[in-house]
Amino acid sequence: MRPSFSIICFTTLSGTGYGLLFLIGIVLVSASPIGSPNSLLIALCVGFVLTSVGLLASLAHLGRPSRAWRAFSQWRSSWLSREGIASLVTVPVMAAVGFALCNPPHGRFTLRALGLLLAACCMVTVTCTARIYSSLPPIRAWHNRFTLPGYLLLGLTGGAVWFCAIVASNAADADSVSLAYSILLANALVIAPASALFKRTYWRHIDALTPITTAVATGLDRLGDASSFEQPHTEENYLTREMGFALARKHSVSLRALAFWTVLAAPLFSVAVALMFGGGLLLTCVLWLVVFASTAAILVERWLFFAEATHSVKSYYN
């Protein structure tokens with residue numbers, strides 16, 4: 001399919017933003033010291049900006065953005081509608097967390113409850129986003145068991161690199177430094193490798209899919225071969241323009257390798273710098289470099305996610 005820049009920005013920025021907010025919620029739930037509240041407050045604001053810009057970017061993909069509000073009425077059957085509702089529900093939860101960080105309660109119960117609620121809202125929202133695509137049977141590259149976990153892992157990976165950079169840039173005490181190192185190690189040793197390896201498994205899965213033929217698309221493959229007796233069009237139309245996009249295999253291999261190794265190696269590089277040189281300005285600069293590198297790699301992966309998807313309607317135009 002032809003990748004849309006607005007959808008690529010939407011899935012990348014919103015996924016990263018909700019991954020960042022999810023980690024904030026987990027930190028608030030944990031029994032360990034949360035570090036400087038200012039660092040978490042700045043991370044919360046960054047997460048709000050990323051999710052808001054991502055969701056606004058998705059409006060550019062609509063034929064009539066002014067009618068986007070109508071999507072909220074179809075929550076019974078539409079994952080797009082459920083995603084919109086979940087994202088709106090998350091906003092007051094973010095506001096409550098921000099208020100609690102500005103005015104810390106005497107006990108930890110309130111922060112833990114708000115953190116758990118924030119993490120749950122973020123997970124539900126990203127799940128709804130993934131289900132928009134995984135619920136489409138005509139697109140086999142999306143309609144599989146890998147799409148949902150892939151969205152969750154990539155969002156968490158992107159959020160982790162942002163979280164590390166923000167906390168390290170505003171580390172005012174030992175607890176903040178410890179928190180930054182903990183997230184850095186968790187991302188480099190667990191989150192990023194799991195995301196990269198899972199993505200490689202997804203690519204192997206879609207590569208093993210048999211090509212969609214007219215017989216398969218019409219459900220007549222059990223009866224034998226099937227073909228159109230007349231050409232479906234005489235000139236380019238919307239379907240051939242949007243669904244007929246094809247990515248050359250050599251470009252696909254190169255872009256996959258770029259996304260895979262960047263997501264995997266960038267956090268490990270930051271850990272190596274931390275071990276050799278410790279914290280300070282150098283590590284902070286490296287962490288922000290990792291932010292931009294990882295975000296660019298996720299943008300490439302999101303572009304591949306759409307570019308490599310083949311709609312079954314394409315078989316009519318072969």
Side-chain angles (χ1 to χ4, degrees), residues 12-56 83 85-127 129 152 155-187 190-191 267 270 274 279-281 283-284 287-288 290-291 294-295:
T12 300
L13 296 181
S14 65
T16 298
Y18 284 117
L20 173 58
L21 295 172
F22 177 84
L23 288 173
I24 295 173
I26 295 300
V27 169
L28 294 177
V29 171
S30 66
S32 60
I34 64 173
S36 172
N38 290 334
S39 297
L40 295 184
L41 189 60
I42 293 172
L44 187 73
C45 293
V46 173
F48 174 74
V49 171
L50 289 174
T51 54
S52 299
V53 172
L55 292 171
L56 289 175
E83 177 207 32
I85 294 173
S87 64
L88 289 182
V89 171
T90 307
V91 173
V93 177
M94 282 190 282
V97 171
F99 180 81
L101 290 174
C102 292
N103 303 275
H106 295 292
R108 282 294 307 269
F109 176 78
T110 301
L111 278 176
R112 287 179 178 177
L114 288 174
L116 181 62
L117 185 59
L118 178 63
C121 288
C122 293
M123 180 172 289
V124 169
T125 304
V126 177
T127 298
T129 303
L152 294 174
L156 194 58
T157 301
V161 295
W162 278 88
F163 191 87
C164 291
I166 293 170
V167 174
S169 300
N170 299 276
D173 50 41
D175 290 338
S176 297
V177 174
S178 176
L179 176 61
Y181 278 118
S182 298
I183 299 297
L184 180 63
L185 287 174
N187 185 40
V190 180
I191 301 173
S270 60
L281 181 60
L283 178 60
T284 301
L287 288 175
W288 281 110
V290 169
V291 165
S294 297
T295 303

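Just so we're clear, the structure is a prediction, and the values are computed from it rather than from any experiment.
Of the residues L41, N38, V97, the one that meets the side chain to side chain contact (heavy atoms under 4.5 Å, CB included) test with C102 is L41.
Put simply, the side chain of S52 never gets that close to the backbone of V49: no donor and acceptor are under 3.5 Å apart. S294 places no side-chain N or O within donor-acceptor distance of the main-chain N or O of G158, the cut-off being under 3.5 Å. Of the possible polar contacts, none joining the N187 side chain to the I183 backbone as a donor-acceptor pair under 3.5 Å is found.
Between W288 and L283, every side-chain heavy-atom pair lies at or beyond the 4.5 Å cut-off. Between L40 and L28, some side-chain heavy-atom pair lies under the 4.5 Å cut-off. Taking 4.5 Å as the limit, some side-chain heavy atom of L44 sits within range of a side-chain heavy atom of L118. Taking the side chain as every heavy atom from C-beta outward, L13 and T51 never approach each other to under 4.5 Å. Inter-residue side-chain proximity for Y18 and T90 is flagged as met; some heavy-atom pair is nearer than 4.5 Å. Between W162 and L50 there is a side-chain heavy-atom pair separated by less than 4.5 Å. Residues V126 and F22 form no side-chain contact, since every pair of their non-hydrogen atoms from C-beta on lies 4.5 Å or further apart. Under the 4.5 Å side-chain criterion, counting only non-hydrogen atoms from C-beta, L20 is in contact with I166.
Listed here is the closest heavy atom pair of C121 and V93: SG-CG2, 4.0 Å. Closest approach of P267 to L184, counting heavy atoms only: O-CD1, 4.5 Å. Across A180 and V167, no two heavy atoms sit closer than the pair CB-CG1, 3.8 Å. Here the shortest heavy-atom pairing between V29 and G115 reads CG2-C, 3.6 Å.
Atom-to-atom distance recorded for L88:CG and E83:CD is 10.0 Å, nearest 0.5 angstrom. From L152, atom CG reaches atom SG of C122 across 11.0 Å, with rounding to the nearest 0.5 Å. Taking CG from L156 and CG from L23, the interatomic distance works out to 5.0 Å, rounded to the nearest 0.5 Å. Taken from CG in L101 to CD1 in I42, the straight-line distance is 11.0 Å, to the nearest 0.5 Å. Put simply, CG on L287 and SG on C164 are 6.5 Å apart, with the number rounded to the nearest 0.5 Å.
More than 12 heavy atoms of other residues, nucleotides or ligands sit less than 6.0 Å from atom OH of Y181.
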